[in-house]
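Numbering of ligands and ligand atoms starts at 1, following listing order. The shown structure was predicted, so the numbers you read here are calculated from the model rather than taken from an experiment.
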Amino acid sequence: MNHFPIFLALENRRVLVAGGGDAAVAKLRLLLKTTARITVVSEHAAPEIVAWADAGKLNLIPRAQEPGDALCCVIAYGAHENAVLDGRTLQLAAADGAIVNIVDDLARSQFITPAIVDRDPVVVAIGTEGAAPVLARKIKADLEASLPAGLGLLARVGKTFRKAADVLPMGAVRRRFWAAYYNEAGPRAADQGEAAIRDALDTLLESHLNAETRPGHVDLVGAGPGDPELLTLRARKALDAADVVIHDRLVAPEILELARREAIIIDAGKEGFGPSTSQDVINALIVEHGLRGHHVVRLKAGDPTVFGRLDEEIEALDAAGLGWAIVPGITAASAAVATIGQSLTKRGRNGSVRFLTGHDMKGFADQDWAALAKPDEVAAIYMGKRAARWMQGRLLMHGAAPATPVSVVENASRGDQAIHATTLATLPDALSDVSGPAVLLFGLAPRAAAQALTHQEIAL
Ligand code: SAH
């Protein structure tokens with residue numbers, strides 16, 4: 001980029017145009033849109049220029065440029081359409097301290113004037129550094145067609161309303177108000193003129209002020225087991241609208257990618273025995289962002305209602321008076337059982353299924369091992385890797401068959417998914433090389449192996 005685009009403050013500042021022909025008239029048409037004080041020096045000014053001077057729109061000096069004419073000018077144009085005269089303008093005006101443009105002479109110009117789409121105060125400047133004027137014209141035409149004529153009026157009225165809108169808290173709430181104005185309420189009222197736009201702004205502010213007394217909203221969203229295709233539509237929508245996403249360690253990066261570009265993403269990772277963000281800190285984080293009026297998505301792996309410490313977060317939200325909603329997700333057990341081709345419940349085998357955790361806040365979690373040790377019981381064991389040997393001991397002690405199948409499904413639904421088919425007798429060994437998150441499906445073998453086992457039993 002050899003030319004840096006800027007918008008120059010011209011109110012009450014001086015601009016010199018040297019020359020009085022077509023090129024000068026064309027530049028003046030643009031310059032007269034500004035609030036600059038314009039001087040034209042020309043011995044042969046075109047009738048348009050004379051008329052503008054008569055109307056008091058510019059100051060016409062009917063002679064050739066002299067030293068000092070461009071004093072106090074921010075910019076000067078050499079518009080003689082004559083290389084010698086324009087060269088003189090460049091010298092004189094630059095000596096006076098102005099930066100100079102020679103019309104249609106990129107090489108000698110100290111600045112260039114872009115093609116402009118004018119919806120004052122919204123102005124789009126298009127430049128190609130002289131490389132492709134035709135392209136610039138095409139872009140200009142496209143923008144002219146796509147930006148509604150009333151856009152400038154909307155922005156002008158909007159600008160006068162900024163102070164009034166400052167009663168809304170800074171950040172998401174105020175942003176939502178302005179987005180609602182520019183995207184919906186404003187364009188709807190634009191055709192009916194300025195008064196209608198002002199009315200629309202008043203009404204909109206009132207509704208947003210009322211909405212503001214209801215603070216932010218928190219969605220407690222299940223991110224599923226990892227595969228973005230296993231997200232619910234509602235989870236996607238929540239991510240799409242989020243101002244802040246506070247997520248668990250287990251939430252896959254591909255899913256975080258789906259959050260709104262502008263959303264703040266906060267990792268509130270918690271690991272069984274490892275480094276972690278404490279639950280109190282997480283609760284405080286969610287509440288803090290909610291109270292700022294943000295739309296917070298609390299994103300949890302799997303389903304938020306399964307081993308997600310959801311109730312503690314809900315209690316914190318209730319205590320802070322924040323609204324919340326639960327968006328369910330596919331829990332790891334569902335994804336795991338799908339990968340081994342089995343179902344969690346089966347007629348004639350098990351009419352109930354348990355979701356267990358291998359450890360809780362006190363250490364290894366005690367469960368009703370006697371009930372689980374009975375034949376044909378099925379359980380999905382979460383966070384069970386470290387507690388495996390201990391659970392194995394409990395179950396065997398209560399009479400579980402050592403040959404009871406256990407399928408360990410690691411990284412269910414992710415690219416690195418692995419299935420380790422084992423039995424209660426060999427469970428701890430089978431877990432030795434499992435490093436990712438895993439669900440232990442107690443009582444279930446992968447479907448093909450399950451069939452083999454049945455045949456074996458028949459043969460015996
Ligand atoms: N709310 C989550 C569970 C959180 S507890 C859910 O519904 O799935 C964390 C445990 O979930 C892990 O220790 C592991 O046992 C299990 N888990 C989560 N994602 C998993 C995945 N993709 N594959 C296997 N197990 C997973």
Verify the ring-centre separation between His208 and Phe177: is it less than 6.0 angstrom? yes
Is a donor from one side chain sitting under 3.5 angstrom from an acceptor on the other, for Arg198 and Thr160? yes
Show, in sequence, the C-alpha distance, side-chain angles and deciding distance for Glu410 and Val439, and conclude whether the side-chain contact (heavy atoms from CB on, under 4.5 Å) test is met. CA-CA 7 Å; Glu410 183 185 6; Val439 166; over 6 Å; no
For ligand 1, what is the set of protein residues having any non-hydrogen atom at a distance below 4.0 Å? Pro225, Leu250, Ala301, Gly302, Asp303, Val306, Phe307, Thr331, Ala332, Tyr382, Met383, Val409, Asn411, Ala412, Arg414, Pro437, Ala438, Val439
Exercise: do His295 and Asp219 side chains pair donor with acceptor under 3.5 Å: yes
Set of residues satisfying side chain to side chain contact (heavy atoms under 4.5 Å, CB included) with respect to Pro428, sequence neighbours excluded: Arg389, Gln392
Phe4 ring center within less than 6.0 Å of Phe111 ring center: no
